[in-house]
J.: 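Sending over a structure as structure tokens; questions will come in a sec.
Chain naming here is simple, since letters A, B, ... match the order of the sequence lines and numbering starts at 1 in each.
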Protein chains: 2
Amino acid sequence: MPNKEPSATVGADLPDAAAPARRVRGGPKGLRITDVAAQAGVAPITVSRVFNSPETVAPETLERVRQVVQKLGYVPNRLAGGLSSSRSRLIAAIVPTIAHSLFSDTIQVFSEAMSRAGYQVLLALSGYDGSSEEALLDAVLSRRPEGVLLTGVAHTDSLRARLANVGIPIVETWDMTEQPIDMLVGFSHYQTGVAVAEHFLQTNRRKPALVSANDERALARRRGFRERLARAGIDDIPEVLVAPPSSVAIGKAALPRLIEEARHIDAVFCGSDLLAIGALSAARQLGLSVPSQLAICGFGDLEFATETTPQLTSVHVDGTRIGLTAARCLLDRLAGSAQNKVTDVGFGIIRRATT
Amino acid sequence: MPNKEPSATVGADLPDAAAPARRVRGGPKGLRITDVAAQAGVAPITVSRVFNSPETVAPETLERVRQVVQKLGYVPNRLAGGLSSSRSRLIAAIVPTIAHSLFSDTIQVFSEAMSRAGYQVLLALSGYDGSSEEALLDAVLSRRPEGVLLTGVAHTDSLRARLANVGIPIVETWDMTEQPIDMLVGFSHYQTGVAVAEHFLQTNRRKPALVSANDERALARRRGFRERLARAGIDDIPEVLVAPPSSVAIGKAALPRLIEEARHIDAVFCGSDLLAIGALSAARQLGLSVPSQLAICGFGDLEFATETTPQLTSVHVDGTRIGLTAARCLLDRLAGSAQNKVTDVGFGIIRRATT
DNA sequence: CTGAAAGCGCTTACAG
DNA sequence: CTGAAAGCGCTTACAG
């Protein structure tokens, strides 16, 4: 029961050269707010209020409109709503990857929290190379998100400037910096490397080695590790650098290369739990006892590691807490609170075996 | 260099009771296409073409507009663009969870493929309870996505009808049905259960048991498992049902309960790899040798399992392939191809230990 | 508590 | 190859 005749036929009925040609756009594609309004006998704005501020609508009107909405199956068009109100109710999450779970827990709880608050999450996977970050940011900003979660601190000045200029809340996560763009929830990868170095020193490992991915944060861990060891007089640290994303297979291949290079290593700091598991597997094949002959330390929060690889030590990061805290930061700011905070969630070194 | 004076002050300058009051909306919030057009000395539509059909613009004009875009840092507003063109360039992905990696690989490759094709992914986490599925669908459809990836087949008639009615391509994944809403990329969970049952029978396990989550797909696996065993004359199958999401801890707690119930089990089919790892851990503590005394079979495609738990058998599903195939289905359809296909990606039983 | 008018920032559908 | 006008489906900012 459309409330006006199909406009496509108007010009055809009356070909009048004097009147300007009637422009037509594709025809009606779905239900609009005016369809609901007509059926309910109210103005479109009242239907809008039923969705956006039901408390301002008379109970009886509310009920009537809702019944029509239900009957027709009307779903508001948020493209239009967002354009009109400048409120997209969209939050962008930019993450290198959600495979292999390092960040997937963060995104999981972040999305849940956002969803509860009435926002939806636009997921943008940046990969590890950063080559197309500007293009990705364009794509993200073109949706006019009301907030952005970033994984890692933004590296380039151009990126930082653009993000700062859009004037929406930004949370950088999974890293630490003195000068966040806006808010930050993370921890210091450098300190993580320092802590692992100290752990190795305390357990009398004098020939430590490194298997690291060469992404920004892994390199920060590497730096902390090397610098702390250097202060203890250990300068010659054999290492294998691998390209992200890391995997068990890569870790498995890396250990033999390391041992080829330096036969007498007694500890390896791996850039991720997956690499550590691969290294553990390779150590087994090489007949090395872990951790007595070779200590292996990973990085991550993979639950399975607790049960399946008690020989490994790991730097544990609470990805869930990062996601929840980041969500709260964003939501607080969106609700008007103005605190500009940095949250250091810290990390822990989980040592399972006592040998 | 705005091309018109700020409208907010117009009425203030000339308080004229006869003229209708000038309505004002919040003031200018950002750059618009008209700002770029003015600076470049072209019409807005030309700027639009530079973004959407650059091949139709004269090379010189193209260059000039692009320079202004660059200089100003203009990013088109896709809320407006989508509303106007009825092309949101958004694809929705509805997944129970991305934590713990079962679906995260699928979403990872799906997002990458969509991104390459110029689409962005709206991530919607449905959880496992299905209580708020209608509301979730409303939220998703309100963004007017051009396609939808669903995890699992839609259960309720209402959901199926609504999805079918929106007239956009839909891919159901990670399951199998005779009557998909539109397209489907998955495999039969029921057959998976049958296959595990047969594997147990072939390896002479006569006292099989079950640890299963009670979500729809896990229950289908359970059904296949039980029915196949029943045909072999095994009707009394002890089981523990647990609530999703499953975890190592839950699996670890479940095995003792199972053994309490039925002391003589010689095989367990676990609903997920995490449950299987937990069960393995519990078996160790109970002094049960795996697999010689107790076979344990999981479900999933967690890479680590290959290296860390060779005692386990597992049903392996290629989540990456599902994601890629689903993306291709959607993109083909969006590009105009009309095939309405069901893809069975199958599964494999991965048996690592020979004992 | 409800509504008429204007506007959000684009693109369509012409026309030249 | 370029542009003027109209329209996409909502919400704002009033007014009553």
J.: Sort out for me which residue in B/V171, B/L184, B/I181, B/T173 forms a side chain to side chain contact (heavy atoms under 4.5 Å, CB included) with B/L150.
T.: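 Of B/V171, B/L184, B/I181, B/T173, side chain to side chain contact (heavy atoms under 4.5 Å, CB included) with B/L150 is met by B/I181 alone.
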
J.: Rounded to the Å, how far apart are A/R89 CZ and D/dC10 P?
T.: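 Between P of D/dC10 and CZ of A/R89: 16 Å.
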
J.: Determine which bases of DNA chain D form Watson-Crick or G-U wobble pairs with both distances under 3.5 Å, and write the result as a 5' to 3' dot-bracket string with | for other-strand partners.
T.: |||.||||||||.|||

J.: So which heavy atom on B/L31 is nearest to which on B/Y74, and how close?
T.: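 Nearest heavy atoms, B/L31 then B/Y74: O-CE1, 3.7 Å.
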
J.: When you measure only distances, ignoring hydrogens and angles, does the side chain of B/R144 come within 3.5 Å of the base of D/dG9 through a donor and an acceptor?
T.: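 It does not, because no donor-acceptor pair links the side chain of B/R144 to the base of D/dG9 below 3.5 Å.
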
J.: Just the rounded figure in Å: distance from C1' of D/dC10 to CG of A/L83.
T.: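 These atoms are roughly 8 Å apart.
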
J.: Check the distance between C/dC10's P and B/N52's CG and give it to me in whole angstrom.
T.: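 Checked: the CG to P distance equals 11 Å.
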
J.: Ion pair present between B/R162 and B/D138, side-chain N to carboxylate O less than 4.0 angstrom?
T.: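 B/D138 and B/R162: salt-bridged.
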
J.: Using the side-chain heavy atoms of B/P59, tell me which of these nucleotides is nearest: D/dA4, D/dC1, C/dA4.
T.: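 The answer is D/dC1, which lies nearest to the side chain.
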
J.: Whether B/S85 contacts C/dC10 is assessed here as follows: a side-chain N or O lying under 4.0 Å from the phosphate OP1 or OP2. Is that the case?
T.: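 Answer is no, no contact under 4.0 Å.
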
J.: Any idea which of C/dC10, D/dG9, C/dG3 is nearest the A/T46 side chain?
T.: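 My answer, after comparing the listed nucleotides, is C/dG3.
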
J.: C/dC10, OP1 or OP2 - any side-chain N/O from B/Y74 closer than 4.0 Å?
T.: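 Yes, within the criterion.
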
J.: Which nucleotide in the list D/dG3, C/dT11, C/dC1 gets nearest to the side chain of A/A58?
T.: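 Taking heavy atoms from C-beta onward, the closest nucleotide is C/dC1.
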
J.: Please tell me which of the listed nucleotides, D/dG7, C/dG7, C/dA13, lies nearest to the side chain of B/S84?
T.: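 Nearest nucleotide to the side chain: D/dG7.
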
J.: Atom CG of B/L62 to atom C1' of D/dT2: distance rounded to whole Å?
T.: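 Rounded to the whole Å, the gap is 13 Å.
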
J.: Regarding A/E133 and A/S126, do their side chains bring together a donor and an acceptor under 3.5 Å, going by distance alone?
T.: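 On atom types as modelled, these side chains do not qualify, holding no pair under 3.5 Å.
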
J.: Return the value, rounded to whole Å, for the distance between atom CD of B/E63 and atom P of D/dC1.
T.: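 That distance rounds to 16 Å.
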
J.: Can you work out whether B/A80 or B/V42 has the more 5'-proximal nearest nucleotide on DNA chain D?
T.: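 With B/A80 and B/V42 compared, the 5'-side residue is B/V42.
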
J.: Whole-Å distance between D/dG9 C1' and A/F51 CZ?
T.: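 Nearest whole value for this atom pair: 13 Å.
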
J.: Nearest to the side chain of B/A43 - D/dA4, C/dT11, C/dC8?
T.: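 It is D/dA4.
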
J.: Near A/E60 CD, under 6.0 Å, is it more than 12 heavy atoms from other residues, nucleotides or ligands?
T.: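 No - once you tally the heavy atoms of other residues, nucleotides and ligands closer than 6.0 Å, there are 12 at most.
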
J.: So if I take every side-chain heavy atom of B/I45 and compare against C/dG9, D/dG3, C/dG7, which nucleotide ends up nearest?
T.: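 Minimum distance to the B/I45 side chain belongs to D/dG3.
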
J.: Whole angstroms only, please: what is the CD1-P distance between A/I33 and D/dC10?
T.: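 About 5 Å, once rounded to whole Å.
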
J.: Give A/R49 one of three labels, base, sugar-phosphate or nothing, depending on what nucleic acid heavy atoms sit under 4.0 Å from its own.
T.: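 Base: the residue A/R49, judged by heavy atoms under 4.0 Å, touches a nucleobase.
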
J.: Going by an N to O cut-off under 4.0 Å, is there a salt bridge joining A/R32 and A/D35?
T.: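 Salt bridge between A/R32 and A/D35, a charged N being under 4.0 Å from a carboxylate O: yes.
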
J.: Pick the nucleotide of DNA chain C nearest each of B/N77 and A/G41; which residue has the one closer to the 5' end?
T.: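 That would be A/G41.
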
J.: Check the distance between C/dG9's P and A/L141's CG and give it to me in whole angstrom.
T.: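 The answer, rounded to whole Å, is 16 Å.
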
J.: Regarding B/E134 and B/S158, do their side chains bring together a donor and an acceptor under 3.5 Å, going by distance alone?
T.: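 Yes.
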
J.: Does D/dG9 have its OP1 or OP2 closer than 4.0 Å to a side-chain nitrogen or oxygen of A/T34?
T.: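 So the side chain of A/T34 is outside the cut-off, no N or O lying under 4.0 Å from OP1 or OP2 of D/dG9.
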
J.: Can a donor-acceptor pair be found between the side chains of A/R89 and A/Q120 at a distance below 3.5 Å?
T.: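 A/R89 vs A/Q120: no donor-acceptor pair found between side chains.
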
